Engineer: 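Following this message is one structure expressed as structure tokens.
Just so it is clear, the structure is predicted and the values come from calculations on it, not from any experiment. Every chain is numbered from 1 and lettered A, B, ... according to where its sequence line falls, protein lines coming before strand lines.
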Amino acid sequence: MDEWERRLRWHCRRGMLEMDLLLQRFLDRYLATLTSDERGALEDLLKYDDIELTAFLNGRRECPDPRFASLLERIRGL
Amino acid sequence: MKVNKRTFDAVIVGAGGAGLRAALQLSEAGLKTAVLTKVFPTRSHTVAAQGGVAASLGNSEEDHWHWHMYDTVKGSDWLGDQDAIEFMCRKANEVVIELEHYGMPFDRLDNGKIYQRPFGGHMSNFGEKPVRRSCAAADRTGHAMLHALYQRNVRANTQFFVEWMALDLIRDQDGDVLGVTALEMETGEITIFHAKATLFATGGAGRIYYSSTNAFINTGDGLGMAARAGIPLEDMEFWQFHPTGVSGAGVLITEGVRGEGGILRNSSGERFMERYAPNAKDLASRDVVSRAMTTEIKEGRGCGPNKDYVLLDITHLDPKVIMSRLPGIREISIQFAGVDPIKEPIPVVPTCHYQMGGIPTNYTGRVVIPQGSDPEVVVPGFYAAGECACASVHGANRLGTNSLLDLLVFGKASGEAVIEDFKKMPKAHKELPKDAADLSLARINRLNTQTNGESVHEVQLAMRRVMQEHAGVFRFGDMLKQGVEKIMQIAERAARTEIKDKSQVFNTARVEALELDNLIEVAKATMVSAEGRKESRGAHVRDDAPDTPEFPNGRNDKEWLKHTLWYRDGNRLAYKPVHFQPLTVEPIELKKRAY
């Protein structure tokens, strides 16, 4: 694991269990396959609060930035 | 290894609700205050609190702090300290209104006052009928609270150390607390935070259980540090459980699922609740359902390869009903259990939610330990608040919405205690002992040099399984005895963990190993304390202490109306009396706890 990945994994430690679980699974499945644009977008996505991320993921709120759409879809893992 | 040193008036560990509330008190009083936190403050686990905060504001109907106090004492199954409970209930209105002034967006009534809703266990007129006492900000009360408190702290110049993990408490020969050592994740360096006051607000340790609603960060760091420094942990046998969490994941399945016709089944497909509660069946109360599920699993009728869960079946319901009346359940089930509940039943298990015990404090937030014949002597320089502390207001069982109240009241009170103690302290900091960082350095060094060691992940999993199986929601004498032996063996393994990654910058493997050091102390404390308490009370329910006329609900006040203290040294237990005398009113006399 390189430094970027270790740091990113820590930023997936969240206040809500649901987010911990979804993000950890996402990283395990997809991290190795992300493009550098996606890696940048993921870093920015993680800056949202858990409550906002949850709302994006369960569709209660539309995510304002289209850069995140495909990441959110994979994190949702349905 | 080089050790840095920083000096502050006060150092707070943890930036959830309690830590932020305490920090605000200190910074606004002009104290130079450092707050150490593993994650950004607004990502603390307080964010997951949805229910609200209890306060007898009486905005919708008549209410009184004395009624709230009665409910809390009763909820605690009389194990709560009545002075602390009176203090908390009387302070509730003040801390809620303060929070409103900090900008907390509470839901409101048309007349502009804070809207209040009813919540389980909160009653008017000493247990007569439900009362509207919970103040909420939609379903994001904890989130809103963290944001309001964080902003206010920024204004007050609180200094945050984000992505720092506190490692060990520094105590000198007199037993005084002089700060903590901490690991900066960014650099991997160790720093001593030398302070006149050290305040722990590190939250709970629900991650000791296999099935837990707690976020991954809830590793009981404060409890582990306290235990290693010789501070006993109080009432650690008491943990609140929810009957239906997704097995392994811990995400809750709302009780509404059983309300809509969901059925619990064992490995042979039997609807086992018919045997335990012939009338209410799957709609029996939480404790009855949890007990039945645990009994099925213990007797070998659990499902799955490890026979360690039961099934919640809604496949017989019309998919349209599932989608319309139970929105989100299908998604949760697919995401966290990997099954579509329209086609397959959901694996569920009683799931740990909240830790009632913790670092022993009095109602001012000062940490107190037995010394000589006095069971409660203040440890100079040491304070604790929130879920990591045991004041004790929740006793053997916590009422909903009292946890956010706890962290506000005791966050503030502990801050005030620091300020008061500061006035009496000499100007200079007490000198640090020469070996102040030795324990932390030795722990880091061991991790760096361990060979043929144990995997952190495997030891953690073994611990969580043993806790779930042997000290879960419903407990058996023989299982607890075995559990003590097993957890002590796992503790030996935890002392020999090995990490492959020895890098300095953001070494999360190292952080997780250090977290396990804390979890294992909490696990031992829980198992040993639970084995020791030979009665049922509140959330601690034993098969061999059943409901009888002599001991209603299995509670034995003659022998067990006392707090447990677990010491890491010698893995031993001691007990201390419950404070039955409130501050200004008559004690709430013992009664059978029934709703």
Engineer: Relative to chain B, which segment of A/Leu8 carries a heavy atom at a distance below 4.5 Å: side chain, backbone, both, or neither?
Structural biologist: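 Neither part.
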
Engineer: Does B/Ile322 have any side-chain contact (heavy atoms from CB on, under 4.5 Å) partners at least two apart in sequence or in another chain, and if so, which?
Structural biologist: B/Ile314, B/Leu317, B/Ile342

Engineer: Using a plain distance cut of 3.5 Å, could you tabulate donor-acceptor pairs between chain A and chain B?
Structural biologist:
residue: A/Arg6; atom: NE; partner: B/Val505; partner atom: O; Å: 3.1
residue: A/Arg6; atom: NE; partner: B/Phe506; partner atom: O; Å: 3.0
residue: A/Arg6; atom: NH1; partner: B/Ser503; partner atom: OG; Å: 3.4
residue: A/Arg6; atom: NH2; partner: B/Ser503; partner atom: OG; Å: 3.3
residue: A/Arg6; atom: NH2; partner: B/Val505; partner atom: O; Å: 2.7
residue: A/Arg7; atom: NH1; partner: B/Glu186; partner atom: OE1; Å: 2.7
residue: A/Arg7; atom: NH1; partner: B/Glu186; partner atom: OE2; Å: 3.3
residue: A/Arg7; atom: NH2; partner: B/Glu186; partner atom: OE2; Å: 3.3
residue: A/Trp10; atom: NE1; partner: B/Lys38; partner atom: O; Å: 2.9
residue: A/His11; atom: NE2; partner: B/Glu163; partner atom: OE2; Å: 2.6
residue: A/Arg13; atom: NH1; partner: B/Phe216; partner atom: O; Å: 3.4
residue: A/Arg13; atom: NH1; partner: B/Glu515; partner atom: OE2; Å: 3.2
residue: A/Arg13; atom: NH2; partner: B/Glu515; partner atom: OE1; Å: 2.6
residue: A/Arg13; atom: NH2; partner: B/Glu515; partner atom: OE2; Å: 3.4
residue: A/Gly15; atom: N; partner: B/Arg43; partner atom: O; Å: 3.1
residue: A/Gly15; atom: O; partner: B/His45; partner atom: ND1; Å: 2.7
residue: A/Asp20; atom: OD2; partner: B/Phe216; partner atom: N; Å: 2.6
residue: A/Arg25; atom: NH1; partner: B/Gln335; partner atom: O; Å: 2.6
residue: A/Arg25; atom: NH2; partner: B/Gln335; partner atom: O; Å: 3.0
residue: A/Leu46; atom: O; partner: B/Arg43; partner atom: NH2; Å: 2.6
residue: A/Asp49; atom: OD2; partner: B/His147; partner atom: NE2; Å: 2.6
residue: A/Arg60; atom: NH2; partner: B/Asp139; partner atom: OD2; Å: 3.4
residue: A/Arg76; atom: O; partner: B/Gln335; partner atom: NE2; Å: 2.8

Engineer: Heavy-atom pairs under 4.5 Å with chain A: which of B/Ile217, B/Leu146, B/Val511, B/Ile334 has the most?
Structural biologist: B/Ile217

Engineer: Using a 4.5 angstrom heavy-atom cutoff, name the option from B/Gly203, B/Ala249, B/Ala509 with the most pairs to chain A.
Structural biologist: B/Ala249

Engineer: Using a heavy-atom distance cut-off of less than 4.5 Å, which residues of residues 33-42 of chain A contact chain B?
Structural biologist: none

Engineer: Heavy atoms only: give me the nearest B/Val251-A/Leu17 pair and the separation to one decimal.
Structural biologist: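 Here B/Val251 and A/Leu17 meet closest at N-CD2, 3.8 Å.
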
Engineer: How long is the straight-line distance from CG of A/Leu46 back to CZ of B/Phe40, given to the nearest 0.5 Å?
Structural biologist: 14.0 Å

Engineer: Which heavy atom of B/Ala215 sits nearest a heavy atom of A/Gly15, and at what distance?
Structural biologist: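 Closest heavy-atom pair between B/Ala215 and A/Gly15: CB-O, 3.4 Å.
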
